[in-house]
Protein chains: 2
Amino acid sequence: MQTYSARASRIPAAVVMRAATNLPTAIAVAPIRRNFGKGEELFAEGDKAEYFYKVVSGTVRTAKLLSDGRRQIDAFHLPGDVFGLESSEDHRFAAEAIDNVVVEAYRKSQFARLLHDDPEFGQKLMSTMLRNLERAHEHMVLLGRKTAQEKMATFLLDMAERLHKGDQVELSMQRTDIADHLGLTIETVSRTLTQMVRDGLIKLAAAGRTIILSDRAGLQQLNS
Amino acid sequence: MQTYSARASRIPAAVVMRAATNLPTAIAVAPIRRNFGKGEELFAEGDKAEYFYKVVSGTVRTAKLLSDGRRQIDAFHLPGDVFGLESSEDHRFAAEAIDNVVVEAYRKSQFARLLHDDPEFGQKLMSTMLRNLERAHEHMVLLGRKTAQEKMATFLLDMAERLHKGDQVELSMQRTDIADHLGLTIETVSRTLTQMVRDGLIKLAAAGRTIILSDRAGLQQLNS
DNA sequence: CGCTCTCTTGAGCCCGCTCAACGACAGTGG
DNA sequence: CCACTGTCGTTGAGCGGGCTCAAGAGAGCG
């Protein structure tokens with residue numbers, strides 16, 4: 001299931017040290033770097049939750065499935081984001097690489113020790129998880145109360161902000177992923193986007209994967 | 001907006017000390033007890049996030065609003081639940097008492113110090129917040145991918161479990177709250193419940209506020 | 001008893017879903 | 001080089017689950 005194409009020995013020590021001091025001021029415990037190819041599974045729902053991760057490059061989706069295959073993607077994780085930390089023994093959701101992904105894996109077992117040795121570590125990690133919780137709250141409003149247009153507008157503005165490439169949004173995920181993230185079908189995602197093009201809100205390029213926000217104000221209005 | 005009907009002096013010292021050692025093994029910092037009446041606001045969206053809370057008795061709802069008044073209740077908080085801890089300066093959602101509520105308020109400013117002095121405190125609090133995050137993930141599946149029937153079934157089973165009163169679920173919240181929690185309208189909530197009665201899944205009593213789960217297996221099947 | 005708040009029920013509509021077809025590429029192999 | 005195949009995105013037609021609008025039924029309370 002998992003690939004370990006990059007191991008500590010192949011990564012220059014300087015890089016490892018920078019990585020180690022990056023998330024929190026963890027001194028002794030260097031994270032493990034791992035590479036995953038497009039579509040590969042970092043972990044599945046029900047796997048033992050040995051590690052949690054920080055994205056270095058690429059995009060990771062975390063998702064839950066219903067028994068009949070319906071899927072909800074709770075978040076896309078971009079470089080800098082932390083995911084996979086859970087209170088239970090097992091992972092309650094799956095994580096998959098959307099494109100080529102590099103992550104830093106932190107051992108959960110060292111977690112308690114780290115928290116004890118370095119309270120600042122705990123504080124930073126806590127604030128990271130609290131930000132995840134806030135995002136989840138925001139997303140629940142979207143899922144429960146927004147229309148298809150509003151969902152797309154919110155999604156595009158959010159992605160634009162997180163990718164900080166101005167008005168040009170290069171989506172790494174396909175329509176199915178967007179649909180499962182926004183609680184829509186792929187057809188509705190597609191239709192909503194073309195309608196937004198007609199309304200002059202956005203422009204599509206590069207096989208629909210690149211989206212240019214040509215009317216931010218208009219999108220913002222849909223964002224409530 | 002807020003009422004402080006119970007202050008330290010009115011609470012026996014013994015009770016305060018028990019409360020203090022209850023959530024975590026916090027030694028020095030006793031939480032403040034506060035009472036709120038039905039419908040009262042503990043804090044509003046945008047308020048300075050000075051405290052976070054643990055429910056002692058009653059039910060609290062936390063909610064976010066869209067500009068036109070659409071509401072999403074992200075969670076109901078029952079005795080023992082912790083809420084209101086956020087990474088930002090301000091509260092990103094509102095908290096209101098559904099019935100008569102008693103909470104313990106913890107100062108956020110003492111939070112960093114506590115984390116430093118007592119790492120175990122941090123660990124427990126972290127695991128509490130991680131459980132909140134898991135609940136949020138679970139709820140996103142419900143909001144994004146479940147039908148009205150499935151939403152109600154999940155909600156009823158979850159409430160039954162959390163209230164641990166067996167098959168008898170005494171709902172403290174009204175239909176509007178349930179609707180805004182499940183991403184439905186009040187009419188759909190009502191219709192779904194009556195349909196469940198017809199299907200022999202549940203029984204209604206006490207003006208619809210008490211629900212008896214007469215066919216758990218049937219409900220579980222809807223829960224996926 | 002009348003007032004208000006909450007919940008239920010009915011009728012009809014619409015947004016987003018389902019089902020289906022098609023177009024645009026990108027491999028891949030002969 | 002082109003035919004074949006699979007993946008991904010778009011578009012159309014029609015349907016239906018849950019919404020809107022509206023009225024009525026209970027329940028609690030002064």
Side-chain angles (χ1 to χ4, degrees), chain A residues 37-39 61 66 68-72 96 98-99 142-156 169-199 202-211 222, chain B residues 37-39 61 66 68-72 98-100 142-156 169-199 202-211 222:
Chain A
K38 186 173 173 168
R61 63 170 179 249
L66 292 178
D68 62 356
R70 279 174 288 174
R71 186 176 66 152
Q72 177 64 42
E96 291 139 6
I98 280 182
D99 42 18
L142 178 149
L143 290 171
R145 288 298 178 220
K146 291 191 180 179
T147 65
Q149 273 234 327
E150 291 167 343
K151 286 175 176 182
M152 271 310 312
T154 302
F155 175 68
L156 291 176
V169 183
E170 306 237 10
L171 296 176
S172 47
M173 70 293 293
Q174 54 191 49
R175 299 291 189 261
T176 313
D177 291 329
I178 300 176
D180 285 346
H181 183 49
L182 302 182
L184 298 170
T185 59
I186 178 176
E187 294 95 331
T188 300
V189 167
S190 184
R191 272 188 260 267
T192 305
L193 285 172
T194 49
Q195 187 56 48
M196 282 180 161
V197 171
R198 281 199 204 103
D199 296 346
I202 60 171
K203 287 192 187 93
L204 293 182
R209 285 301 184 89
T210 299
I211 298 181
L222 287 170
Chain B
K38 185 175 175 168
R61 63 170 180 251
L66 292 178
D68 62 357
R70 278 174 289 175
R71 186 176 67 152
Q72 178 63 42
I98 281 181
D99 41 19
N100 287 333
L142 179 148
L143 290 172
R145 288 298 178 222
K146 291 191 180 178
T147 65
Q149 272 234 328
E150 292 168 342
K151 285 176 177 182
M152 271 309 311
T154 302
F155 174 69
L156 290 176
V169 183
E170 306 237 10
L171 297 175
S172 47
M173 71 292 294
Q174 54 191 49
R175 299 291 190 262
T176 314
D177 291 330
I178 299 176
D180 285 346
H181 183 49
L182 302 182
L184 298 170
T185 59
I186 178 176
E187 294 95 331
T188 300
V189 168
S190 184
R191 271 189 262 266
T192 305
L193 284 173
T194 49
Q195 188 56 46
M196 283 180 160
V197 171
R198 282 197 203 103
D199 296 347
I202 60 170
K203 288 193 187 90
L204 293 182
R209 285 300 184 90
T210 299
I211 297 180
L222 287 171

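Letters A, B, ... are given to chains in the order of the sequence lines, protein chains preceding strands, and every chain is numbered from 1. The analysis underlying the following values was restricted to heavy atoms, covering all of them including side chains, and did not include hydrogens, waters or symmetry mates.
Across all strands shown, A/Leu204 has heavy atoms under 4.0 Å from sugar-phosphate atoms exclusively, and none from any base. Residue A/Gly183 is in sugar-phosphate contact alone, with no base atom involved, counting any heavy-atom pair closer than 4.0 Å across all strands shown. The residue B/Ile178 sits apart from the nucleic acid: no heavy atom pair falls under 4.0 Å. Within 4.0 Å of B/Leu193, counting heavy atoms only, lies no atom of the nucleic acid at all.
Under the 4.5 Å side-chain criterion, counting only non-hydrogen atoms from C-beta, B/Leu204 is not in contact with B/Thr210. Within the 4.5 Å cutoff, side-chain heavy atoms of B/Leu193 are placed close to those of B/Met152.
Distance, A/Arg175 CZ to D/dC8 P: 12 Å, rounded to whole Å. Atom CZ of B/Arg198 and atom C1' of C/dT9 are 9 Å apart (whole Å). Remark: P of D/dC8 and CG of A/Asp180 are 13 Å apart, rounded to the nearest angstrom. Whole-Å rounding puts the B/Gln195 CD to C/dT8 P distance at 13 Å. Remark: C1' of D/dG17 and CG of B/Leu182 are 16 Å apart, rounded to the nearest angstrom. Distance CZ (A/Arg70) to P (C/dT18): 10 Å, rounded to an integer number of Å. As a whole-Å value, the separation of A/Gln149 CD from C/dC14 P is 17 Å. Following rounding to the nearest Å, A/Ile186 (CD1) and D/dT11 (C1') show an atom-to-atom distance of 12 Å.
Of the two residues contacting DNA chain D, namely A/Thr176 and A/Arg145, the nearest-nucleotide position lying further toward the 5' end is that of A/Thr176. Each of B/Ser190 and A/Val189 was matched to the nucleotide of DNA chain C holding its nearest heavy atom; the match closer to the 5' end belongs to B/Ser190. Checking A/Ala207 against A/Thr147, the closest nucleotide of DNA chain C that is more toward the 5' end is the one next to A/Thr147.
Below the 3.5 angstrom threshold, one finds a donor paired with an acceptor across the side chain of A/Glu187 and the base of C/dC19.
A close approach under 4.0 Å does not occur between any side-chain nitrogen or oxygen of A/Thr188 and OP1 or OP2 of C/dG16. Phosphate proximity of C/dC17 to A/Thr185: present, with a side-chain N or O under 4.0 Å from OP1 or OP2. Put simply, B/Thr194 has a side-chain N or O that comes within less than 4.0 Å of OP1 or OP2 on C/dT9. Dashed line: the shortest gap from a side-chain N or O of A/Arg191 to OP1 or OP2 of C/dC17 is not under 4.0 Å.
Look at B/Arg71 and B/Asp177 and you find a salt bridge, because one of the NZ, NE, NH1 or NH2 atoms lies within 4.0 Å of a carboxylate O, short of that distance. Ion pairing between a basic and an acidic side chain is recognised when a charged N comes within 4.0 Å of a carboxylate O; A/Asp180 and A/Arg70 show no such pairing.
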| Run the side chain to side chain contact (heavy atoms under 4.5 Å, CB included) check on A/Arg145 and A/Glu150 step by step: do they pass? | CA-CA 9 Å; A/Arg145 288 298 178 220; A/Glu150 291 167 343; over 6 Å; no
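Within the 3.5 Å criterion, the main-chain N or O of B/Glu187 finds no donor-acceptor partner in the side chain of B/Ser190.
Between C/dC7, D/dC8, D/dG18, one nucleotide has an atom nearer to the side chain of A/Gln174 than all others, and that is D/dC8.
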